[in-house]
Amino acid sequence: MRKIKRGLSAALTSLALAGVSFAASPAFAAGKMTISSPQDPGSWDPIDTFLVQWAAVATNIFDGLTYRGPDLKIVPGLAESWEELDEGKRIRFKLRQNVKFHNGEPFNAAAVKFTFERLLGEQGAKGPQRSNYVSIESVEVIDDNTVDMKLKAADPVLLTKLAGYGAMIVPPKYIQEKGEDNFNLNPVGTGAFKFVSYAPKNNIKLEANPDYWGGAPKLSELEYRFISEPATAVAELQAGRVDLVIPPTIPIGMIPVIEGDSKLEIVSVPGPTVDALRFNTGDGITADPKVRKAIIMAVDRATIVKSILAGQGSEIASFQSALSFGYDPDLKPLPYDPEAAKKLLAEAGVKTGATLQIDIRGNDATMNEVAQVVSSYLSMVGITATIKPYETNVLLNDIIPQGKTGAMFQQKWGGWTFDYDNTAYAMYHSGEKWNPYDKDEKLDKMLESQRPLTDRAEREKILKEIGRYTADRALELPLYNTNAIYGMNKRVKGFIAPPDNRLKLTDVTVE
């Protein structure tokens with residue numbers, strides 16, 4: 001593995017080493033794997049989340065009708081096969097037989113119908129996933145092992161969406177008898193591992209499902225520990241109390257610490273995750289597009305990527321990665337030009353000494369450093385920026401959706417469908433949870449127009465137009481696309497790093 005010389009700071013490295021005891025090796029249960037995750041999703045209900053940290057756990061608990069593995073190909077999941085009918089407006093799924101939920105309840109067509117009626121109904125309206133599946137009009141049971149999914153319009157991304165989040169199939173009887181609140185904290189699915197216990201902000205424990213339809217997992221136990229502090233997670237990895245540290249925990253500066261330990265290794269793969277500092281377009285100085293463009297031009301993003309990411313990412317021009325369908329390689333970011341930035345600020349009437357607040361995730365060490373650098377660049381054009389770190393769940397579940405942010409706020413997005421629609425619709429369509437400030441009728445129509453198109457070329461053309469339009473409106477300061485960086489103990493065997501954090505650990509072993 002290539003060594004990365006440039007780090008965050010010596011302080012981070014020393015923090016990673018602090019408190020680590022090398023006096024004795026911890027005693028591991030046979031076949032147990034312990035994983036460090038930076039965030040407790042706070043909910044295990046598939047319709048109540050968008051977080052990649054949920055997927056890192058729940059991919060082992062739940063199954064969808066389809067499945068997308070690390071190679072990004074869509075393959076059968078709980079559906080053995082499917083066929084598109086009525087010009088793409090109906091999909092018939094043949095379901096696997098003799099599959100049971102972890103509580104013994106049978107998986108069948110009724111469970112599929114229940115799952116999607118729940119997702120598209122009152123319960124789904126409380127969460128962030130429903131808008132991804134609004135093309136579904138109804139699910140009709142043909143027989144116990146066959147369902148027809150009728151669509152309002154063809155949805156070219158639907159089979160991918162069925163492999164994630166809200167489309168995970170849930171047990172009707174269990175939810176009806178135990179209640180929604182119980183299910184949220186005690187999840188039951190058909191996956192390779194069964195839920196055992198959950199201690200909020202501490203850990204979640206799973207055990208092998210020996211009757212898993214895809215074959216019994218090789219591990220007997222999984223434990224996910226929620227460790228938000230990167231230095232602590234790396235220290236636990238070094239001490240042998242954690243086998244795997246998952247993204248986005250590991251700051252670039254800590255990579256040499258892990259690479260310098262003969263027991264450990266870094267696994268880094270290109271991923272879909274992008275970071276930006278989005279703008280409050282509703283009020284304040286950033287309501288003016290001239291100011292937004294000035295801020296973008298005041299920041300040398302290429303230098304940030306080169307010096308801070310140290311080869312583990314790339315600069316972006318729109319809020320998507322090169323892995324995204326709809327990515328436009330010809331779209332270039334606004335140039336770094338502080339003199340032009342000063343001119344735009346003057347035209348907008350922004351005087352030297354103007355202030356703004358940048359809200360970020362407090363446990364994202366890389367973004368903490370980036371925000372400091374952004375603040376320094378802004379000071380050179382006369383803007384004084386203060387940085388306000390939040391606990392991640394507070395920022396995501398309270399501050400952003402309710403429009404309580406400062407003038408700029410961090411948005412980290414995984415683009416889990418690897419299709420720009422998933423990102424752009426959630427970020428820019430009026431009324432969406434992640435778009436608390438902006439309303440643009442033209443943009444809404446563009447977003448809506450591409451959703452039913454089955455002509456890939458035409459749809460890609462519109463997605464590229466959306467990318468150019470949003471870049472021209474300067475709705476965010478686009479920063480970078482990062483690799484998915486995993487820190488792993490070499491005693492873990494058979495692990496294939498997914499670019500999107502969906503860890504399916506059926507075939508992994510720990511020596």
Side-chain angles (χ1 to χ4, degrees), residues 37 39-59 61-66 111-139 149 152 155 157-158 160-172 174-176 178-191 195 198 200-201 204 391-404 411-417 419 421-436 447 451 500-502:
S37 171
Q39 183 182 5
D40 177 356
S43 167
W44 298 109
D45 189 333
I47 63 176
D48 194 31
T49 189
F50 66 97
L51 298 172
V52 294
Q53 303 311 327
W54 181 92
V57 178
T59 299
I61 300 173
F62 297 102
D63 293 306
L65 294 175
T66 62
V112 176
K113 182 178 177 65
F114 173 85
T115 294
F116 287 97
E117 288 183 347
R118 178 174 179 266
L119 168 63
L120 297 170
E122 182 179 338
Q123 193 65 29
K126 300 175 184 178
Q129 282 299 326
R130 189 170 70 168
S131 65
N132 282 320
Y133 303 92
V134 291
S135 64
I136 301 172
E137 183 172 52
S138 64
V139 174
M149 190 171 284
K152 299 171 187 174
D155 184 344
V157 194
L158 183 59
T160 297
K161 294 174 184 175
L162 295 180
Y165 295 102
M168 297 293 97
I169 306 301
V170 299
Y174 177 78
I175 293 175
Q176 290 164 346
K178 300 292 185 179
E180 298 287 354
D181 291 342
N182 177 79
F183 177 64
N184 194 38
L185 298 176
N186 300 273
V188 167
T190 60
F195 170 79
Y198 169 51
K201 297 187 178 181
I204 183 170
E391 194 275 323
T392 299
N393 282 349
V394 172
L395 180 64
L396 297 182
N397 296 323
D398 181 23
I399 301 302
I400 295 175
Q402 296 187 39
K404 297 178 180 178
Q411 187 71 66
K412 181 186 288 288
W413 197 255
W416 64 275
T417 61
D419 188 295
D421 167 77
N422 172 253
T423 301
Y425 204 97
M427 294 298 115
Y428 308 128
H429 195 280
S430 299
E432 285 294 304
K433 180 177 182 179
W434 306 113
N435 180 27
L447 289 162
R451 279 201 151 182
D500 55 1
N501 252 24
R502 294 197 206 189

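The first residue of the sequence shown is numbered 1, and numbering continues consecutively from there.
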[X] to [Y] - nearest heavy-atom pair and separation:
{"X": "Pro128", "Y": "Ile47", "value": "CD-O, 3.5 Å"}
{"X": "Leu162", "Y": "Met168", "value": "O-CE, 3.9 Å"}
{"X": "Leu395", "Y": "Pro401", "value": "O-CD, 4.0 Å"}
{"X": "Gln53", "Y": "Ser37", "value": "OE1-OG, 3.0 Å"}

Which residues satisfy the side-chain contact (heavy atoms from CB on, under 4.5 Å) test with [X], sequence neighbours excluded?
{"X": "Lys152", "result": "Glu137"}
{"X": "Lys178", "result": "Tyr174, Asn182"}
{"X": "Thr190", "result": "Asp63, Leu78, Val99, Phe101, Phe107, Trp213"}
{"X": "Ala55", "result": "Thr59, Tyr165, Arg502"}

Practice task
Check the pair Val139, Thr115 against side chain to side chain contact (heavy atoms under 4.5 Å, CB included), reporting the backbone distance first and the verdict last.
Solution key: CA-CA 10 Å; Val139 174; Thr115 294; over 6 Å; no
Hey, what do you get for [atom1] ([X]) to [atom2] ([Y]), rounding to the nearest 0.5 Å?
{"X": "Leu51", "Y": "Leu396", "atom1": "CG", "atom2": "CG", "value": "6.5 Å"}
{"X": "Thr160", "Y": "Asn422", "atom1": "OG1", "atom2": "CG", "value": "10.0 Å"}
{"X": "Glu180", "Y": "Glu122", "atom1": "CD", "atom2": "CD", "value": "9.5 Å"}
{"X": "Asp421", "Y": "Asp155", "atom1": "CG", "atom2": "CG", "value": "7.5 Å"}
{"X": "Trp413", "Y": "Thr423", "atom1": "CH2", "atom2": "OG1", "value": "7.0 Å"}
{"X": "Phe116", "Y": "Ile169", "atom1": "CZ", "atom2": "CD1", "value": "4.5 Å"}

Practice task
Apply ring pair (Phe, Tyr, Trp, His ring centres under 6.0 Å) to Tyr198 and list each qualifying residue two or more places apart in sequence or on a separate chain.
Solution key: Trp44
Completion exercise
With sequence neighbours left out, the residues meeting ring pair (Phe, Tyr, Trp, His ring centres under 6.0 Å) with Tyr425 are His429
Side chain to side chain donor-acceptor pair (under 3.5 Å) partners of [X], counting only residues at least two apart:
{"X": "Glu117", "answer": "Lys113"}
{"X": "Asn184", "answer": "Ser43"}
{"X": "Ser131", "answer": "Glu432"}
{"X": "Gln402", "answer": "Asp398, Lys404"}

Exercise for the section: Anything under 30° is parallel, anything over 60° is perpendicular, the rest tilted; go ahead and classify Phe62 against Phe183. Expected result: perpendicular
Problem - Derivation and outcome, side chain to side chain contact (heavy atoms under 4.5 Å, CB included), residues Asp181 and Leu185 - result: CA-CA 7 Å; Asp181 291 342; Leu185 298 176; over 6 Å; no
Exercise for the section: Determine, stepwise, if the pair Lys161 / Trp416 fulfils side chain to side chain contact (heavy atoms under 4.5 Å, CB included). Expected result: CA-CA 9 Å; Lys161 294 174 184 175; Trp416 64 275; 4.1 Å; yes
Practice task
Taking the side chain as every heavy atom from C-beta outward, state whether Pro46 and Val170 have any pair of such atoms under 4.5 Å apart.
Solution key: yes
Exercise for the section: Sequence neighbours left out, what pairs pass salt bridge (charged side-chain N to carboxylate O under 4.0 Å, His left out) with at least one residue falling in residues 39-56? Expected result: Asp45-Arg118
Exercise for the section: Examine distances only and state if a side-chain atom of Thr66 and a backbone atom of Ala163 form a donor-acceptor pair shorter than 3.5 Å. Expected result: yes
Problem - Gln129 side chain to Thr49 backbone, donor-acceptor under 3.5 Å - result: yes
Practice task
Decide yes or no on side chain to side chain contact (heavy atoms under 4.5 Å, CB included) for Val52 and Asp500, but give the supporting numbers first.
Solution key: CA-CA 7 Å; Val52 294; Asp500 55 1; 5.9 Å; no
